[in-house]
Amino acid sequence: MQLTDNNYYIGKQKVEGLCEQFGSPLYVYDATVIRERIAELKEGIGKYENADFFYAIKANYNPSLVKEIIGQGLGIDAVSVEEVHMALHCGATPDRILYTGNNMTDKEMTEVHELGVLLNIGSLSRLEKYGRAFSGSRVSIRFNPNIGIASHETNITGGADSKFGISFKNVEKVKEIAKEHNLQIVGIHQHIGSGWLRLREPILALDVILDIATQFEGLEFVDVGGGFGVPYRPEESRLDMNTLGMQIDRRFESFCETYGAHPVLRFEPGRYIVAESCFLLTQVNTIKESISRKIIVGTDTGMNHLVRTAMYGSYHPITNISNPDGMFQEYDITGNICECSDFFARDRMMHEVRDNDILSIGVAGAYGASMASNYQLRGLPTEILVDGDDVQVIRKRETFEDLLARF
Ligand SMILES: *Cc1c(COP(=O)(O)O)cnc(C)c1O
């Protein structure tokens with residue numbers, strides 16, 4: 001989004017006009033940004049000759065975006081059977097999908113196996129069940145390196161009490177189970193958390209997973225997961241992809257030397273690819289003063305459409321695109337859901353907000369639409385994809401009839 005002649009533009013589209021055309025609230029994606037982020041990843045951390053990228057589809061599973069991402073050569077990391085089906089629907093071949101199910105059922109295990117998709121297993125009991133059911137199969141193992149990091153405490157997936165992965169102490173047990181059932185361990189995996197901008201912990205975790213990997217023969221890949229953060233707050237700086245890439249490359253090359261082979265080094269970015277490609281537009285319908293004299297702005301969307309602030313306390317940048325020259329004032333920006341946690345910002349300085357103004361909630365492409373719900377029986381918003389001059393509706397607004405059809 002760019003400010004020119006007192007108007008915000010995306011490509012050649014005036015942002016404010018988009019709501020007139022497609023209604024409000026509206027998720028707006030920019031395909032150019034998605035392609036740029038993928039190119040940045042490939043250049044920064046894809047230095048190693050056998051580097052590979054699987055997009056974590058849970059960040060945003062809109063098929064139009066997924067097709068674009070697959071078109072850029074990425075595979076898919078799926079965490080549910082439905083996500084596996086979506087990846088296949090969007091054109092991914094089974095060998096370009098990894099299923100990292102958490103607490104999967106026997107039925108889910110069987111279904112994914114029969115689709116020819118590799119399972120990434122994160123518990124000894126599931127590994128045992130998989131071995132008994134499908135002896136002789138190929139499998140990937142998710143380890144917990146006992147190191148975690150994330151933008152919010154709640155998003156740490158590595159560490160002593162995490163429910164994810166097999167403890168790094170259980171390498172021998174994994175080998176025993178694999179041997180007993182003739183399982184071929186082709187991949188070692190970790191994913192330590194989401195939204196990190198610091199390099200220390202990811203590099204420490206890389207050392208642990210590479211140490212584990214040296215204890216397994218014949219690996220086709222080492223998957224170091226995703227979690228690459230993006231700046232949400234104005235004072236946050238971008239992840240230093242080049243430095244990260246050089247550090248990873250150095251370690252992986254020395255691992256290859258010890259290991260005597262060059263397995264694929266795989267990354268699973270989700271947020272990094274889509275987060276900054278999108279903003280959620282919403283129209284102001286209420287402005288009032290609280291008892292403590294705060295100015296409360298009410299909008300036509302809420303935690304049902306973008307839950308990150310209510311759920312994690314996440315910060316999203318918000319811009320008043322209707323009044324780029326307005327005087328700065330302090331506001332609480334709230335949604336239309338009957339819950340106290342339904343807000344997008346507190347005490348936020350913004351260009352003067354007036355009734356009917358359009359606000360843009362930025363960095364909304366990851367874990368925005370994919371986490372949206374029908375709470376309070378409100379339908380999901382329209383999503384559009386802008387690609388240069390081209391604008392496409394990639395999800396139609398949900399109507400009451402759509403909702404009723406499920407019952
Ligand atoms: C969620 C997830 C990712 C992606 O995390 P981001 O923070 O979106 O990059 C990668 N791998 C696995 C197994 C995940 O569950």
Side-chain angles (χ1 to χ4, degrees), residues 34 37-38 40-41 44-46 52-62 65-66 69 74-84 86-87 96-104 112 117-123 126 140-145 148-159 162-166 187-199 201-202 205-206 209 221-232 236 238-239 241 244 248 265-278 307-308 311-312 314 363-371:
I34 293 179
R37 293 296 172 267
I38 292 174
E40 250 175 55
L41 283 165
I45 56 174
D52 197 5
F53 294 87
F54 275 31
Y55 167 61
I57 193 174
K58 75 174 186 291
N60 194 312
Y61 54 77
N62 189 298
L65 306 184
V66 176
I69 293 165
L74 279 75
I76 299 291
D77 177 66
V79 293
S80 71
V81 179
E82 290 79 0
E83 286 187 357
V84 171
M86 183 58 102
R96 297 291 293 160
I97 304 172
L98 182 69
Y99 173 57
T100 307
N102 182 237
N103 299 338
M104 74 181 82
V112 172
V117 168
L118 189 68
L119 277 79
N120 184 28
I121 292 184
S123 79
R126 179 49 61 190
S140 166
I141 306 290
R142 177 175 187 170
F143 279 101
N144 177 350
I149 181 175
S151 53
H152 304 93
E153 193 77 11
T154 42
N155 293 353
I156 297 179
T157 52
S162 170
K163 72 164 180 164
F164 299 100
I166 295 175
I188 295 294
H189 171 279
Q190 71 171 14
H191 170 65
I192 62 165
S194 190
W196 43 265
L197 289 165
R198 211 169 51 186
L199 308 187
E201 288 83 354
L206 176 66
I209 203 70
F221 66 85
V222 177
D223 187 331
V224 297
F228 309 93
V230 297
Y232 285 88
E236 283 171 340
R238 299 201 71 78
L239 195 55
M241 275 297 166
L244 179 63
I248 291 174
L265 168 60
R266 190 187 288 162
F267 301 96
E268 292 171 344
R271 182 189 314 274
Y272 197 82
I273 293 175
V274 288
E276 295 163 292
S277 75
C278 167
V307 76
R308 295 187 69 255
M311 190 164 163
Y312 306 124
S314 309
V363 200
Y367 309 104
S370 70
M371 280 191 176

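First listed ligand is number 1; within each ligand, the first listed atom is number 1. This structure is a prediction, so every number in the text was calculated from the model and none was measured. Numbering of residues begins at 1 and proceeds along the displayed sequence.
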Undergrad: Just which atoms of ligand 1 are under 4.0 Å from any heavy atom in Gly227?
TA: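 Going through ligand 1 atom by atom, the ones under 4.0 Å from Gly227 are 5 (O), 6 (P), 7 (O), 9 (O).
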
Undergrad: Need the ligand 1 atom indices (1-based, order shown) with element for anything under 4.0 Å from a heavy-atom of Gly226.
TA: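 Matching atoms, with element in brackets: 9 (O), 10 (C).
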
Undergrad: Who passes salt bridge (Lys or Arg N to Asp or Glu O under 4.0 Å) against Arg308, sequence neighbours left out?
TA: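 Salt bridge (Lys or Arg N to Asp or Glu O under 4.0 Å) list for Arg308, sorted by chain: empty.
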
Undergrad: May I ask you to check whether Gly193 has an N/O atom sitting below 3.5 Å from an N/O atom of ligand 1?
TA: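 By distance alone, the answer is no.
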
Undergrad: For atom 14 (C) of ligand 1, tell me which residue out of Gln190, Lys58, His189, Arg142 has the closest non-hydrogen atom.
TA: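 Comparing heavy atoms across Gln190, Lys58, His189, Arg142, the nearest one to atom 14 (C) of ligand 1 lies in Lys58.
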
Undergrad: Would you check whether Ala366 reaches within less than 4.0 Å of ligand 1, judged by its heavy atoms?
TA: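 Flag not set, Ala366 not near ligand 1.
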
Undergrad: So which heavy atom in the protein is nearest atom 7 (O) of ligand 1, and how far is it from that ligand atom?
TA: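 The closest one turns out to be Ser194 OG, 2.4 Å.
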
Undergrad: Hey, are the side chains of Trp196 and Pro202 touching, using non-hydrogen atoms and a 4.5 Å cut-off?
TA: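 Counting from C-beta outward, Trp196 and Pro202 do come under 4.5 Å.
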
Undergrad: Closer than 4.0 Å to some heavy atom of Arg271 - which atoms of ligand 1 meet that?
TA: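 Ligand 1 atoms under the 4.0 Å threshold to Arg271: 6 (P), 8 (O), 9 (O).
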
Undergrad: State, to 0.1 Å, how close Ala275 and Val230 come at their nearest heavy-atom pair, and which atoms those are.
TA: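 Heavy-atom minimum between the residues: CB-CG2, 3.8 Å.
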
Undergrad: State, to 0.1 Å, how close Ala78 and Ile97 come at their nearest heavy-atom pair, and which atoms those are.
TA: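 For Ala78 versus Ile97, the nearest heavy atoms are CB-CG2, 4.4 Å.
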
Undergrad: Got a sec, which residues hit salt bridge (Lys or Arg N to Asp or Glu O under 4.0 Å) with Glu83, two or more places apart in sequence or on another chain?
TA: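 Partners of Glu83 by the salt bridge (Lys or Arg N to Asp or Glu O under 4.0 Å) criterion come out as none, since no residue qualifies.
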
Undergrad: Need the ligand 1 atom indices (1-based, order shown) with element for anything under 4.0 Å from a heavy-atom of Glu268.
TA: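 This gives 3 (C), 4 (C), 9 (O), 10 (C), 11 (N), 12 (C), 13 (C) as the contact atoms.
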
Undergrad: Report yes if some heavy atom in the side chain of Asp52 is under 4.5 Å from a heavy atom in the side chain of Arg96; otherwise report no.
TA: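 Contact flag for Asp52/Arg96 side chains = yes.
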
Undergrad: Taking atom types as modelled, find out whether Arg271 and Ser194 have a side-chain donor-acceptor pair closer than 3.5 angstrom.
TA: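 The answer is yes; a qualifying pair exists.
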
Undergrad: To the nearest 0.5 Å, how far apart are CG in Leu199 and CD1 in Ile248?
TA: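 Here the rounded value is 8.5 Å.
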
Undergrad: Does an N or O from Gly270, backbone or side chain, lie closer than 3.5 Å to an N or O of ligand 1?
TA: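 Yes - when backbone and side-chain N and O of Gly270 are compared with those of ligand 1, one distance drops under 3.5 Å.
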
Undergrad: Suppose I only count heavy atoms of Ala56 and a 4.0 Å limit; which atoms of ligand 1 are within that range?
TA: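 So the answer, numbered in order with elements, is 3 (C), 4 (C), 10 (C).
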
Undergrad: Between Leu119 and Met104, is there a side-chain heavy-atom distance shorter than 4.5 Å?
TA: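 Sidechains of Leu119 and Met104: in contact.
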
Undergrad: Measure the distance from atom 5 (O) of ligand 1 to every protein heavy atom, then report the residue, atom name and distance (to 0.1 Å) of the closest one.
TA: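 Looking only at protein heavy atoms, the one closest to atom 5 (O) of ligand 1 is His191 CE1, 3.4 Å.
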
Undergrad: From atom 12 (C) of ligand 1, work out which of Thr100, Asp77, Val79, Leu98 has a heavy atom at the shortest distance.
TA: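 Ranked by closest heavy atom to atom 12 (C) of ligand 1, first place is Asp77.
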
Undergrad: Can you tell me if Tyr367 has a non-hydrogen atom under 4.0 Å from ligand 1?
TA: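 So Tyr367 counts as touching ligand 1.
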
